[in-house]
Colleague: 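Quick one: structure below, then a few questions.
Throughout, protein chains are lettered first and strands after them, A, B, ... in sequence-line order, and every chain is numbered starting at 1.
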2 protein chains.
Amino acid sequence: MTSPTPIRVVLADDERMVRTALRAILSAEPDLEVVGEAATGAEALSVVRDVRPDVVLMDVRMPEIDGIRATEQILATLDEPPRIVVVTTFENDSYVYDALRAGAAGFLLKRADADALVQAVRLVARSDSLLFPAAVRTLAAEHARAHPAPPAWVAKLTEREGEVLRHMARGLTNAEIARRMGVGPATVKSHVAAVLAKTGTRDRTQAVIAAYEARFLNGG
Amino acid sequence: MTSPTPIRVVLADDERMVRTALRAILSAEPDLEVVGEAATGAEALSVVRDVRPDVVLMDVRMPEIDGIRATEQILATLDEPPRIVVVTTFENDSYVYDALRAGAAGFLLKRADADALVQAVRLVARSDSLLFPAAVRTLAAEHARAHPAPPAWVAKLTEREGEVLRHMARGLTNAEIARRMGVGPATVKSHVAAVLAKTGTRDRTQAVIAAYEARFLNGG
DNA sequence: CGGCGTCTCCCCCGTTCGGCGGAGGCGGAT
DNA sequence: ATCCGCCTCCGCCGAACGGGGGAGACGCCG
């Protein structure tokens with residue numbers, strides 16, 4: 001059942017102890033072979049280019065180039081790139097998203113036990129026919145589309161104008177906004193006019209549209 | 001390295017041949033044991049309740065109760081539920097999302113080779129410390145928020161009313177909408193009134209808000 | 001001190017909007 | 001043949017809206 005040629009693995013982590021531990025775990029398996037190590041993202045790039053491994057265990061936090069960027073560059077520059085498993089200590093969500101978007105084949109926590117580690121390596125080496133393959137990428141892409149950079153006018157709104165826009169985006173009239181904010185209707189009119197000017201819109205409807213497009217509303 | 005007690009697996013698929021094939025593959029591994037089979041979602045539920053497996057390979061399409069619902073119910077009703085791997089022929093995105101949302105531990109294509117299959121079973125049995133665990137759930141949750149069920153009023157809008165609402169949501173006035181649609185302003189007024197009535201809103205701004213909240217606009 | 005931005009409020013004016021009721025034509029369903 | 005839904009349009013009215021211009025108060029900063 002064991003394949004004739006072992007799975008060639010490169011370890012990229014700035015801490016020597018981590019590399020040593022990983023090497024010890026992987027070397028105990030006859031079908032796995034650690035063929036290189038790197039302590040920085042840049043080093044990882046050149047090592048991978050030289051030894052052409054099947055799998056890379058890539059730490060996120062590393063000097064010079066972090067693991068995410070190293071992953072991107074490896075996948076972008078090599079013809080038949082290795083499968084890359086991003087390794088980190090904490091399951092920071094944005095790391096996971098970044099790793100997915102960068103094209104990593106998997107995401108592994110350092111607290112994972114030895115058995116999970118070796119099975120992860122075998123798994124990613126075997127291709128992505130398993131466990132949320134391509135679809136996970138589309139999820140990550142969707143996540144990226146869901147968090148675009150906000151337009152410039154958002155920062156230019158004063159606090160009061162922002163409040164008014166929020167109320168406008170809830171469908172309130174000027175009079176209602178005035179009541180809720182404890183000011184006169186004329187004041188609200190002024191704020192609305194300022195909002196229209198800064199958003200480059202001509203009426204409250206267009207302003208609300210702009211607010212939605214800019215994802216100006218936090219809840220919703 | 002092999003654990004003393006084998007991993008207990010239940011197969012749920014309405015096609016006998018698939019079950020036989022899976023059983024053949026899994027039985028060849030000393031650390032895996034097929035302890036039950038089910039041909040329907042309902043059957044899967046009772047079998048799992050009886051034999052208490054570690055892992056369930058669950059087909060999506062099944063009579064009576066589909067695999068997704070069966071997964072939901074198993075996870076909801078059992079105290080220490082098994083890890084469930086959803087199996088299907090095509091990598092339909094919505095299936096993947098549904099599986100994730102239902103709480104499945106993995107997603108497997110039927111075209112996956114035997115080795116990938118057994119490693120998948122071993123992997124999910126070993127817990128989710130690996131390959132996009134909890135974070136994948138949050139992604140799925142985000143996807144669910146991004147694609148909620150549209151409100152009832154969407155279906156009740158006539159074609160013309162829908163067009164008008166789209167134009168309203170682009171910030172056009174009644175007169176502009178009338179020009180673009182090649183009708184009189186009075187006609188647009190009628191359509192707008194109908195839209196307001198059916199959406200339960202009192203002015204165009206609130207209607208546009210409703211359109212955005214309902215994701216009535218396809219692009220954007 | 002003197003500008004500057006912000007928040008507050010005022011008046012006037014024309015436009016737009018939304019609510020009301022009505023009407024005719026057209027096509028599908030019963 | 002009749003009803004019903006949809007699309008098309010009409011007039012009238014009050015309310016809300018947006019533009020214009022202005023003004024006083026406050027605080028910040030150079």
Side-chain angles (χ1 to χ4, degrees), chain A residues 150-218 220, chain B residues 150-218 220:
Chain A
W153 59 257
V154 173
K156 294 183 176 171
L157 289 183
T158 69
E159 195 180 351
R160 254 350 207 183
E161 289 159 359
E163 290 178 42
V164 169
L165 178 52
R166 264 177 244 280
H167 284 117
M168 287 163 64
R170 289 184 53 201
L172 303 185
T173 67
N174 289 341
E176 288 169 336
I177 297 174
R179 254 170 273 143
R180 301 221 179 175
M181 291 179 62
V183 297
T187 303
V188 176
K189 278 194 67 172
S190 297
H191 290 318
V192 169
V195 168
L196 296 184
K198 290 183 180 177
T199 54
T201 54
R202 70 180 173 201
D203 56 43
R204 69 199 300 102
T205 303
Q206 288 191 350
V208 169
I209 293 170
Y212 267 90
E213 301 283 353
R215 281 174 176 60
F216 179 74
L217 292 44
N218 37 6
Chain B
W153 57 258
V154 174
K156 293 183 178 172
L157 288 184
T158 68
E159 196 180 352
R160 255 351 209 180
E161 289 159 358
E163 291 177 43
V164 169
L165 178 52
R166 266 176 241 280
H167 285 118
M168 287 164 64
R170 291 183 53 200
L172 304 183
T173 66
N174 288 342
E176 288 169 336
I177 296 173
R179 253 170 274 143
R180 302 219 178 177
M181 290 179 62
V183 297
T187 304
V188 176
K189 279 194 67 172
S190 296
H191 290 318
V192 170
V195 168
L196 296 184
K198 290 183 180 177
T199 55
T201 54
R202 70 178 173 204
D203 55 44
R204 68 200 300 100
T205 304
Q206 287 190 350
V208 169
I209 293 170
Y212 267 90
E213 301 282 352
R215 272 165 235 289
F216 179 72
L217 292 40
N218 37 8

Colleague: Compare the minimum distances between each of C:dC17, C:dC9, D:dG18 and the side chain of B:Asn174, then state the nucleotide with the smallest one.
Modeller: C:dC17
Colleague: Using whole Å, what does the distance between atom P of nucleotide C:dT16 and atom CZ of B:Arg204 come to?
Modeller: 11 Å
Colleague: Distance check needed: D:dC17 C1' versus A:Leu172 CG, whole Å only.
Modeller: 15 Å
Colleague: Can you say whether a donor on the side chain of A:Lys189 sits under 3.5 Å from an acceptor on the base of D:dG20, or the other way round?
Modeller: no
Colleague: Which heavy atom of A:Gly171 sits nearest to which heavy atom of A:Glu176, and what is that distance?
Modeller: O-OE1, 4.3 Å
Colleague: If I take atom CZ in residue B:Arg202 and atom P in nucleotide D:dA16, what distance separates them, rounded to the nearest angstrom?
Modeller: 9 Å
Colleague: So, OP1 or OP2 of C:dT8: does either fall under 4.0 Å of a side-chain N or O from A:His191?
Modeller: yes
Colleague: Over how many whole Å does the gap from A:Glu163 atom CD to C:dT6 atom P extend?
Modeller: 14 Å
Colleague: Do you know the tightest heavy-atom contact between B:Phe216 and B:Arg166?
Modeller: O-NH1, 3.3 Å
Colleague: Quick one: B:Glu159 CD to D:dC6 P, roughly how many Å, whole number?
Modeller: 12 Å
Colleague: Measure across B:Leu196 and B:Arg204 and return the closest heavy-atom pair with its distance rounded to 0.1 Å.
Modeller: CD2-N, 4.0 Å
Colleague: Are the side chains of A:Ile209 and B:Arg170 in contact, using a 4.5 Å heavy-atom criterion?
Modeller: no
Colleague: Kindly point out which of C:dC7, D:dG19, C:dC17 is positioned nearest to the side chain of A:Glu161?
Modeller: C:dC7
Colleague: Heavy-atom nearest nucleotide on DNA chain D for B:Asp203 versus B:Thr187: which residue maps closer to 5'?
Modeller: B:Thr187
Colleague: Once you round it to whole Å, what is the distance between P of C:dC7 and CG of A:Leu157?
Modeller: 10 Å
Colleague: Atom NZ of A:Lys198 and atom P of C:dC7: how far apart are they, to the nearest Å?
Modeller: 8 Å
Colleague: Would you kindly give the CD-to-P distance between A:Gln206 and C:dT16, to the nearest whole Å?
Modeller: 13 Å
Colleague: Pick the nucleotide of DNA chain D nearest each of A:Val192 and B:Arg160; which residue has the one closer to the 5' end?
Modeller: B:Arg160
Colleague: Report yes or no: is there a donor-acceptor pair, N or O only, under 3.5 Å between the side chain of A:Thr173 and the base of D:dC17?
Modeller: no
Colleague: Heavy atoms only, 4.0 Å cut-off, all strands: where does B:Ala186 land among base, sugar-phosphate and nothing?
Modeller: base
Colleague: Ignoring hydrogens and angles, does a donor from either the side chain of B:Ser190 or the base of D:dC9 sit under 3.5 Å from an acceptor on the other?
Modeller: yes
Colleague: Salt bridge between A:Glu163 and A:Arg160, side-chain N to carboxylate O under 4.0 Å?
Modeller: yes
